[in-house]
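Written below as structure tokens is the structure these notes are about.
Lettering follows sequence order; numbering is per chain, from 1. From a predicted model like this one, the values you see are computed outputs, not experimental measurements.
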2 protein chains.
Amino acid sequence: MKDEMKGFLSYLTLWNLRKQPMTGAELAKELEKRRGQKPSPGTIYPVLKELKEKGLISSDKEKRYSLTKKGEKEIIEACNHFCQIFYDVKEMKNCC
Amino acid sequence: MKDEMKGFLSYLTLWNLRKQPMTGAELAKELEKRRGQKPSPGTIYPVLKELKEKGLISSDKEKRYSLTKKGEKEIIEACNHFCQIFYDVKEMKNCC
DNA sequence: AGATGGGTATTGGGTAACCAATATTTAAAA
DNA sequence: TTTTAAATATTGGTTACCCAATACCCATCT
């Protein structure tokens, strides 16, 4: 099973920002908690840039990123998608 | 958010096979339920081939795939990984 | 036997996702 | 002001992932 679990980085980024704004460094720390490995700068910042260009997040003067209205809609939609794919996620929990 | 939710195909394949053996066609139907779109043959069969080569699944004469012992171990491990990444998946559920 | 159709499989290629390495900015210390 | 360090950002290239198109196999029907 290769390096599965890829491809969720921008999803996880929005998800992490949904409660409180964060800097890139703080985000990296959060992602390390989840994945067990800290993403490199070349991973995290392009994602932030892309999300910003799409209008899903914005940053203040302190480089602290937060969701825009559009980003809030997006994360809800993505959650729906996620929950459809993993509708039986509870069984996965029991797996652990 | 591009076409996120990619990259979990082999994970989902093992997950679907964990209870009863399935043919490629049955698997495709299952995946359609989850993702809303049926994966093309060029998607599903290379995955099955790869999983077989890795000894995670095996097939009988009727082309029905099932998990090997190794595959059973693998899906448990993958579940653990998944649950670590999405440790707050419950909140996602509430999102929907 | 030949034809038809559905499942199975392969091939080739395109793109998203990611990282290592490097550069730049920022801020605080000396 | 210069130095140092840490965060931020960019670039280039690699790989995983997936699909469309095509081919193959194997029933079942004619």
Side-chain angles (χ1 to χ4, degrees), chain A residues 1-17 20-54 56-66 74-75 78 81-82 84-86, chain B residues 1-17 20-54 56-66 74 78 81-82 85-86:
Chain A
M1 184 130 192
K2 293 176 199 156
D3 189 9
E4 304 302 340
M5 304 299 173
K6 291 174 80 172
F8 277 69
L9 210 55
S10 47
Y11 174 63
L12 277 179
T13 300
L14 292 182
W15 181 249
N16 276 318
L17 292 178
Q20 78 261 36
M22 288 173 130
T23 64
E26 289 167 341
L27 251 170
K29 224 171 276 182
E30 257 308 308
L31 289 171
E32 186 182 15
K33 254 197 267 176
R34 291 178 186 269
R35 314 192 314 166
Q37 188 184 13
K38 181 174 282 189
S40 88
T43 298
I44 192 96
Y45 290 105
V47 167
L48 287 171
K49 185 185 178 189
E50 185 202 354
L51 293 175
K52 194 174 182 180
E53 283 169 359
K54 286 186 178 171
L56 299 175
I57 62 176
S58 62
S59 62
D60 58 17
K61 318 92 203 168
E62 291 155 335
K63 310 282 184 179
R64 203 168 288 273
Y65 293 90
S66 57
E74 183 71 20
I75 186 61
H81 191 184
F82 181 91
Q84 187 190 343
I85 293 180
F86 297 105
Chain B
M1 184 130 189
K2 293 172 201 159
D3 189 11
E4 303 302 340
M5 305 296 171
K6 290 173 79 173
F8 277 70
L9 211 54
S10 45
Y11 174 62
L12 277 180
T13 299
L14 292 182
W15 181 249
N16 276 318
L17 292 178
Q20 78 260 34
M22 288 172 129
T23 64
E26 289 167 342
L27 252 171
K29 225 172 274 181
E30 257 307 309
L31 289 171
E32 186 181 15
K33 255 198 264 176
R34 292 177 184 269
R35 313 191 317 166
Q37 189 186 11
K38 182 174 280 190
S40 87
T43 298
I44 192 94
Y45 290 104
V47 168
L48 288 172
K49 185 183 177 190
E50 186 202 355
L51 293 175
K52 193 174 183 181
E53 283 169 357
K54 285 185 177 172
L56 299 175
I57 64 176
S58 62
S59 62
D60 57 16
K61 317 94 202 164
E62 292 155 335
K63 309 284 183 179
R64 202 169 290 274
Y65 293 91
S66 57
E74 183 70 20
H81 191 184
F82 181 90
I85 294 179
F86 298 105

Between [options], spot the one nearest the side chain of [X], thanks.
X: B/Pro46; options: C/dC19, C/dA9, C/dT11; result: C/dT11
X: B/Thr23; options: C/dT8, D/dC18, C/dT10; result: C/dT8
X: A/Ser40; options: C/dT8, D/dT10, C/dA20; result: C/dA20
X: B/Pro41; options: C/dT10, D/dA9, D/dC18; result: C/dT10
X: A/Tyr65; options: D/dA9, C/dT10, C/dC18; result: D/dA9
X: B/Ala25; options: C/dT11, C/dT8, D/dA9; result: C/dT8

Between [atom2] on [N] and [atom1] on [X], what's the gap in Å once rounded to a whole number?
X: B/Ile44; N: C/dT10; atom1: CD1; atom2: C1'; answer: 15 Å
X: A/Lys29; N: D/dT8; atom1: NZ; atom2: P; answer: 10 Å
X: B/Leu9; N: C/dA17; atom1: CG; atom2: C1'; answer: 16 Å
X: A/Lys54; N: C/dA17; atom1: NZ; atom2: P; answer: 8 Å
X: B/Glu62; N: C/dG6; atom1: CD; atom2: C1'; answer: 16 Å
X: B/Gln37; N: D/dC18; atom1: CD; atom2: P; answer: 12 Å
X: A/Lys49; N: C/dA16; atom1: NZ; atom2: C1'; answer: 16 Å
X: B/Glu26; N: C/dG7; atom1: CD; atom2: P; answer: 10 Å

Any protein N or O atoms within reach of nucleotides 23-27 of chain C? Criterion: under 3.5 Å, listing atom names and distances.
none

- At under 4.0 Å between heavy atoms, what does B/Gly42 touch on the DNA or RNA strands: base, sugar-phosphate, or nothing? base
Quick one: list whatever passes salt bridge (Lys or Arg N to Asp or Glu O under 4.0 Å) with [X], sequence neighbours left out.
X: B/Lys29; result: none
X: B/Glu32; result: none
X: B/Lys38; result: none

- Task: Taking side chain to side chain donor-acceptor pair (under 3.5 Å) as the test, write out the residues that go with B/Ser59, two or more places apart.
- Result: B/Lys52
- Query: Considering residues at least two apart in sequence or located in another chain, which fulfil the side chain to side chain donor-acceptor pair (under 3.5 Å) criterion with B/Ser58?
  - Reply: none
- Query: Do the two ring centres, one from B/Phe82 and one from A/Phe86, sit under 6.0 Å apart?
  - Reply: yes
- Rounded to the nearest 0.5 Å, how far apart are CZ of A/Arg35 and NE2 of B/His81? 8.0 Å
- Looking only at side-chain N and O atoms, does B/Arg64 come under 4.0 Å of OP1 or OP2 in C/dT8? no
